[in-house]
Number of protein chains: 2
Amino acid sequence: MNIHLYLRLNQNDMRIRDVNKIELVKEKAVELLVKVGFEGFTMSKLAKLCNISVATLYIYYKDKDDLILQIGLEETQKLSAMMLEGFDPNFTFEDGLRHQWKHRAKSMLENPLSCQVIEQLRTSTYQEKIFESMTETFKQTLGVFMDRAVAKGEIDLMPMETYWSVAFGPLYALVRFHNEGRSIGGRPFILTDEILWASFNLVLKAFKK
Amino acid sequence: MNIHLYLRLNQNDMRIRDVNKIELVKEKAVELLVKVGFEGFTMSKLAKLCNISVATLYIYYKDKDDLILQIGLEETQKLSAMMLEGFDPNFTFEDGLRHQWKHRAKSMLENPLSCQVIEQLRTSTYQEKIFESMTETFKQTLGVFMDRAVAKGEIDLMPMETYWSVAFGPLYALVRFHNEGRSIGGRPFILTDEILWASFNLVLKAFKK
DNA sequence: AATATAAATGAATATTCATTTAGTTATGAA
DNA sequence: TTCATAACTAAATGAATATTCATTTATATT
């Protein structure tokens, strides 16, 4: 009888025959999920894509749900870490907002697959389990930043949701247009620096007193 | 107890024993899709939820794909029709934008299930097939509206995507917060008229010359 | 080198699923 | 009433799928 130690993966006592194998699984899982969606994602497809046995997947993960959940969690954490990198709540409002636009755009444009997986998870039944963790981090940092901006008289007092929506809603829309590769019209859309910062300036104007 | 209404569908000369049955199927399909997501949606679950035989579903729809596609299409068309209702490209920029915020918010808040299904479809593999049709209608109407606003000197010239993102990105974010029922913090969030129009005013300011 | 241990696997197993079949029931027309 | 037709159904089917089992293989430790 096998005991599956899927919780102890990162400890040192695991004999890794092929170190790249788990990483390969994660990478291919994201790829597959983006390609075929939740409705087409199966363990055998993933195994075949990795050129490993299905059984091996069950050494790494308890079951399909666990696999998707863990990988999803990793992706969201990876991306949110990138987004908050170098952010300081003491920034002026304008600098802070600009920093966030820069880092969020960069993170998302450089990791389109992660982005798409996270979007899929957002609208799936895994939603709740995944976004508890993520929002906590943001809540803290952005909350403090906003409170200070209000205290400094840089912006008016408003609900966090209003602030977030006006500040980042446009950015996320732009990135979605870019990632979907087609616009409201039929032409392909590329989110250039020029377009990004022109949009940013509009948003900044929205907050000006 | 069944109520039999002897009516004919204009479509296929189909004798409907129970007119409400197809409507029931559509309604429950949306419900189920929202509840269990694509990954959990099965024909038998749907049939059981409707208290009909699985085989009956195959009288209404060719197969599972057809079912999801048709129902998804109907939902998107229903919602987009509501959104464009009463919109006139000759509106001033401010009036037009206000009209859109009002109608889009109303449509989405009154149809949370439709909203969630459409969001799920957006990120699924059905995406392309469904959103071709929808974007066409919007493209036309909004394109004309925007061109006129630029011509009248109400707003600066900018790519359609910039305009759309800044104008509606915040609205969609607010509605998502509302539908998800929880905010960036932990409190439940309700999109009140006050919050909606306060956010609108910020967005409007973004476009002011 | 021998041993122990865990990773890895190919091949089963059990289950679920979409779809079909074969038959029943309700309906409209003659 | 009778007949033809189409809605409707329970049960069956076969394919796909998640998961497990019995072994084999690699590696660290002795």
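In what follows, chains are A, B, ... by sequence order, proteins preceding strands, each numbered from 1. The figures here come from the full heavy-atom set of this structure, side chains too, leaving out hydrogens, waters and symmetry mates.
Atoms CD1 (A:Ile59) and P (D:dT20) sit 12 Å apart, rounded to a whole Å. Going from atom CZ of A:Phe38 over to atom P of C:dC17 covers 17 Å, rounded to whole Å. Atom CD1 in A:Ile52 sits roughly 18 Å away from atom P in D:dT25 (whole-Å rounding). Put simply, CD on A:Glu39 is 13 Å from P on D:dT17, counting in whole angstrom units. Rounded to an integer number of Å, the gap from CG of A:Asn51 to C1' of C:dT9 is 13 Å. As a whole-Å value, the separation of B:Leu57 CG from D:dA7 P is 14 Å.
Under the salt bridge (charged side-chain N to carboxylate O under 4.0 Å, His left out) criterion, the residue pairs touching residues 104-125 of chain B are A:Glu180-B:Arg122, B:Lys106-B:Glu110, B:Glu119-B:Arg176, with sequence neighbours excluded. Residue pairs meeting the salt bridge (charged side-chain N to carboxylate O under 4.0 Å, His left out) criterion with at least one member in residues 47-59 of chain A, sequence neighbours excluded, do not occur.
Under the rule for a ring pair (Phe, Tyr, Trp, His ring centres under 6.0 Å), the partners of B:Phe91 that lie at least two apart in sequence or sit in another chain are B:Phe87, B:His99. Scored by the side chain to side chain contact (heavy atoms under 4.5 Å, CB included) test, B:Ser114 finds B:Glu75, B:Lys78, B:Leu79, B:Asn111 as partners (sequence neighbours excluded).
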Donor-acceptor contacts, no H, no angles, side chain residues 28-41 of chain B, under 3.5 Å, sequence neighbours left out:
unit_1	atom_1	unit_2	atom_2	d
B:Glu39	OE2	A:Thr125	N	3.4
B:Glu39	OE2	A:Thr125	OG1	2.4

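Under 4.0 angstrom from either OP1 or OP2 of C:dG10 there lies no side-chain N or O belonging to A:Lys48.
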Which letters describe nucleotides 18-23 of chain C, given B = protein heavy atom under 4.0 Å from base, S = only from sugar-phosphate, - = neither?
-> SBBB--
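For A:Phe177 and B:Trp164, the ring centers are positioned less than 6.0 Å apart.
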